[in-house]
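The next block holds one structure in the form of structure tokens; read it before the comments.
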Number of protein chains: 2
Amino acid sequence: MNKPITMRDIANRIGVSSVTVSKALNDKEGVSDELKEQIKLLAHEMGYRINTAAKSMREGLTYNIGVVIPERFTGPNQSFYMQVYQEISKSLEAHGYYGILHILSAADEEELALPRIYYERKVDGFILLGQINKPYIEVIEEIEQPKLFLDFYDEHSHIDSIVTDNFYGAYELTNYLVRQGHRQIAYVGNIYSTSSIQDRFLGYYKSLLEHNIRLQPEYIVNDRDEQGAYIDIELPSVLPTAFVCNCDQVAYSLVQKLKQSGYKVPDDCSVVGFDNDIYATLTEPHLTTVEVNIKQMAQTAIQSILKKIDDPASSFGRTVVQGKIIYRDSVKKI
Amino acid sequence: MNKPITMRDIANRIGVSSVTVSKALNDKEGVSDELKEQIKLLAHEMGYRINTAAKSMREGLTYNIGVVIPERFTGPNQSFYMQVYQEISKSLEAHGYYGILHILSAADEEELALPRIYYERKVDGFILLGQINKPYIEVIEEIEQPKLFLDFYDEHSHIDSIVTDNFYGAYELTNYLVRQGHRQIAYVGNIYSTSSIQDRFLGYYKSLLEHNIRLQPEYIVNDRDEQGAYIDIELPSVLPTAFVCNCDQVAYSLVQKLKQSGYKVPDDCSVVGFDNDIYATLTEPHLTTVEVNIKQMAQTAIQSILKKIDDPASSFGRTVVQGKIIYRDSVKKI
DNA sequence: CTGAAAGCGCTTACAG
DNA sequence: CTGAAAGCGCTTACAG
């Protein structure tokens, strides 16, 4: 391996100082346009590539962002967070930054072990992607580097967060059902299970309230136990004309159940989901659902974290990103 | 933000030189055990975290590996490569290395644009994950840094590669069907489409040959067109007793087709898949299939690339990683 | 417009 | 066993 080209090499070739080369390559003031051009050209010819490590050390910036995802969200059937990570990766690159992924193992989360990227000063900030345990949140708070929560938040923490608008998405989707003539509308999901299920339920409820539809207890259908494990869905004794499901996967199960019970979707009963994941199009008919705006969530997160790196005092609080209804074939106008 | 602690700070506190601190913290020779302990303790107390950028510059190593995945393999329904990336990330961390993901856009691949991590010397080596275009391969070959192909290979390239053993996996799976009494066995897949479909076909064919079963042309069932788009599967006029599908997703479609035609799986007909992805358990009955050993593929890739960084002359050629049959309920003994 | 000096925080090679 | 010196490749602040 021959020695890498440095700014000094370029400088020597033209008979100029390395300071001038640095200025030229970084488009700084203080070099004539002519010389600038000449230097850039030569740099290109010589195949110069900047040594980021040197720049990093000098500036005290790594140009890396750590993205921490709890292990439990990274299974083969849960591609959502990895999708988000992809977007983060792409957007970061456009800003001259790079993502470093850290899968937080269950053991490390339990033992409150901080990621290695922290101890090695590998990153300028952290994006915590996906709900982490309370005690771990407290440890994270102690870190004196910029950080934010993505796709979850913690009421008692002062860490900024970016979440999808579960409440408004479910509200809009339910409004749509009402506009299609539905008034017997059930909600499927354990509303004590997670904050997104709960917020989606509340959006659904708001729509009912606005339309003077009474919330009937038997129209809140449970889908999972305390541990989050799916349970068999029990259909209400009087079938509603539509179901709002807290996620596409549950909508998928529900449609199977309805079919088994001899009902046709959407002819006998409409069903909507949430997430627009693989289950939305695996279901027959394909589900009308809410798509989370992954791209915007990623971009918002990056803007915020970069701002915080630039100015550690800046703060954004809780930012909410709106989703988008995807209309398909699982709703019938009645 | 208060100034970060350096080795010098620790040194000053004990009244020793920063050289000694460096040696102690790195467990190098030349410091008494006593002093070493004292230094480590103090470092911990003071919350010392090494400045990797400085180390990097000094050693000329970034401790990062670039992982390049073509965009077309990163859709929401294709979590496989992101699974692999997760494993790479985890294993790398155990070696004090970190992965930097680069999604290669279709445009960049077309225009032969190298990733930014290359121009910024952000990484010590590259793992190319997933088949890239021939012309791009040629550009990659020019890079004077360690690199390897993961999950694909190129006959005309001298770049080392690590692939899953498609041939042997399909061979074993077909052997299993034969042991279960099957002799009319069809293969589903366009055998001119990709090298893995082709290699899996050849493994299937080897098993037939070994068992003196004639390969019948109508038992090679097409599943996709030239562009790789799935087409409607046409069942052979005489139904075989078993189908070997080139992937789980196609097995899923096939089972649907069989059910629509009034056949029961596995009672009337057995079906096996390949990949053990989400479709394997989405299918009813759950599919017997071959699981790619993602963990081992990642580990092998990392070992190889780290060895190459250490010794650029080292070469491994084409390494094959064996898969594992997952037995489920889609095969009947006859 | 251009450059000499200094320094970012480490580690290696050498001297004691 | 311990440390002074040198240097990795950049950039900033300052002098000319």
In the structure I gave you, are the side-chain heavy atoms of B:Val21 and B:Arg13 within less than 4.5 Å of one another anywhere? no

Determine, for A:Asp27 against A:Lys40, whether the closest basic-nitrogen to carboxylate-oxygen distance falls under 4.0 angstrom. yes

Looking at residues 27-42 of chain B, who's got a heavy atom less than 4.0 Å off DNA chain C? B:Lys28

Taking only side-chain nitrogens and oxygens of [X], does any of them come within less than 4.0 Å of OP1 or OP2 of [N]?
{"X": "B:Asn51", "N": "C:dC8", "result": "no"}
{"X": "B:Ser22", "N": "C:dT11", "result": "yes"}
{"X": "B:Tyr48", "N": "C:dC10", "result": "yes"}

For B:Lys122 and A:Asn64, run side chain to side chain contact (heavy atoms under 4.5 Å, CB included): C-alpha distance rounded to whole Å, both residues' side-chain angles, the deciding distance at 0.1 Å, then the answer. CA-CA 10 Å; B:Lys122 260 297 216 188; A:Asn64 294 144; 2.9 Å; yes

Starting at [atom1] of [X] and ending at [atom2] of [N], how long is that distance when rounded to a whole Å?
{"X": "B:Lys23", "N": "D:dA5", "atom1": "NZ", "atom2": "C1'", "value": "13 Å"}
{"X": "B:Asn12", "N": "D:dA4", "atom1": "CG", "atom2": "P", "value": "11 Å"}
{"X": "B:Asn26", "N": "D:dT2", "atom1": "CG", "atom2": "C1'", "value": "16 Å"}
{"X": "A:Ile5", "N": "D:dC8", "atom1": "CD1", "atom2": "P", "value": "15 Å"}
{"X": "B:Arg49", "N": "C:dC10", "atom1": "CZ", "atom2": "C1'", "value": "16 Å"}
{"X": "A:Tyr63", "N": "D:dT11", "atom1": "OH", "atom2": "C1'", "value": "10 Å"}
{"X": "A:Ile10", "N": "D:dC10", "atom1": "CD1", "atom2": "P", "value": "8 Å"}
{"X": "B:Arg8", "N": "C:dG9", "atom1": "CZ", "atom2": "C1'", "value": "10 Å"}

Inspect the surroundings of CD in B:Glu110 and state if more than 12 heavy atoms from other residues, nucleotides or ligands are less than 6.0 Å away. no

Determine whether more than 12 heavy atoms belonging to other residues, nucleotides or ligands lie under 6.0 Å from atom CZ of B:Arg49. yes

Counterpart base for D:dC14, defined by Watson-Crick or G-U wobble contacts under 3.5 Å: C:dG3

Closest to the [X] side chain, choosing from [options]:
{"X": "B:Lys55", "options": "D:dT11, C:dT11, C:dA13", "answer": "C:dT11"}
{"X": "B:Thr20", "options": "C:dG9, D:dT2, C:dT12", "answer": "D:dT2"}
{"X": "B:Val16", "options": "C:dT11, C:dG3, D:dT2", "answer": "D:dT2"}
{"X": "A:Arg58", "options": "C:dC10, C:dA5, C:dA6", "answer": "C:dA6"}
{"X": "A:Met57", "options": "D:dG9, D:dT12, D:dG3", "answer": "D:dG9"}

Give A:Met7 one of three labels, base, sugar-phosphate or nothing, depending on what nucleic acid heavy atoms sit under 4.0 Å from its own. sugar-phosphate

As a quick check of understanding, evaluate side chain to side chain donor-acceptor pair (under 3.5 Å) for A:Glu120 and B:Tyr63, giving each step before the final call. CA-CA 11 Å; A:Glu120 296 179 355; B:Tyr63 293 101; over 6 Å; no

Please work out whether the ring planes of A:Tyr85 and B:Tyr85 are parallel, tilted or perpendicular, with thresholds of 30° and 60°. parallel

In terms of ring plane angle, is the pair A:Phe126 and A:Tyr118 parallel, tilted or perpendicular, where the classes change at 30° and 60°? tilted

